[in-house]
Amino acid sequence: MVLHDHQPNQHVHIRVRAESKHGKRVNPRKADLHRWRETVAERLREYGVEAEATRQATRGRNRN
């Protein structure tokens with residue numbers, strides 16, 4: 001996990017290694033990743049942390 005608090009838009013990057021119960025790599029899709037971001041943001045808000053799960057295109061940083 002990396003916290004970028006030196007920028008106007010503070011944010012966190014989280015790296016996840018996804019494996020099944022049997023140790024096989026899980027290949028999450030874009031929808032899965034977005035759902036995970038939404039869940040993390042929701043939990044942070046429960047702790048009083050302002051958090052929002054946005055897609056890259058929404059933030060205007062689409063690399064494509």
Side-chain angles (χ1 to χ4, degrees):
M1 181 175 85
V2 178
L3 169 63
H4 289 281
D5 60 357
H6 61 282
Q7 299 170 335
N9 64 327
Q10 295 181 3
H11 61 282
V12 177
H13 293 266
I14 299 174
R15 184 173 177 179
V16 177
R17 181 176 176 145
E19 293 182 352
S20 71
K21 294 187 235 183
H22 309 291
K24 186 174 179 180
R25 184 182 165 136
V26 176
N27 186 13
R29 303 292 186 228
K30 285 182 184 181
D32 299 320
L33 297 173
H34 185 67
R35 189 175 66 249
W36 295 352
R37 285 193 301 272
E38 288 178 329
T39 301
V40 169
E42 182 180 321
R43 297 293 185 270
L44 287 170
R45 288 191 298 269
E46 290 173 2
Y47 284 98
V49 176
E50 287 186 39
E52 186 177 345
T54 57
R55 296 182 185 270
Q56 269 188 335
T58 305
R59 296 188 306 269
R61 302 181 112 179
N62 193 345
R63 290 185 228 170
N64 296 338

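Please read these numbers as outputs of a predicted model, since none were measured by experiment.
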CZ (Arg43) and CD (Glu38) are apart, to the nearest 0.5 Å, by 12.0 Å
Worksheet item: Taking the inter-plane angle between the rings of His4 and His11 on a 0 to 90° scale, is it parallel (under 30°), tilted (30 to 60°) or perpendicular (over 60°)?
Response: parallel
Check your understanding: Is the closest basic N to carboxylate O distance between Arg35 and Asp32 below 4.0 Å?
Key -> yes
Glu50, CD: over 12 other non-hydrogen atoms inside 6.0 angstrom: no
When every non-hydrogen atom of Val12 is compared with those of Met1, the smallest separation belongs to CG1-CG, 3.3 Å
Practice problem: Look at the side-chain heavy atoms of Ile, Leu, Val, Met, Phe, Trp and Tyr, link any pair under 4.5 Å apart, and say whether Leu3 and Val49 land in one connected group. | Solution: no
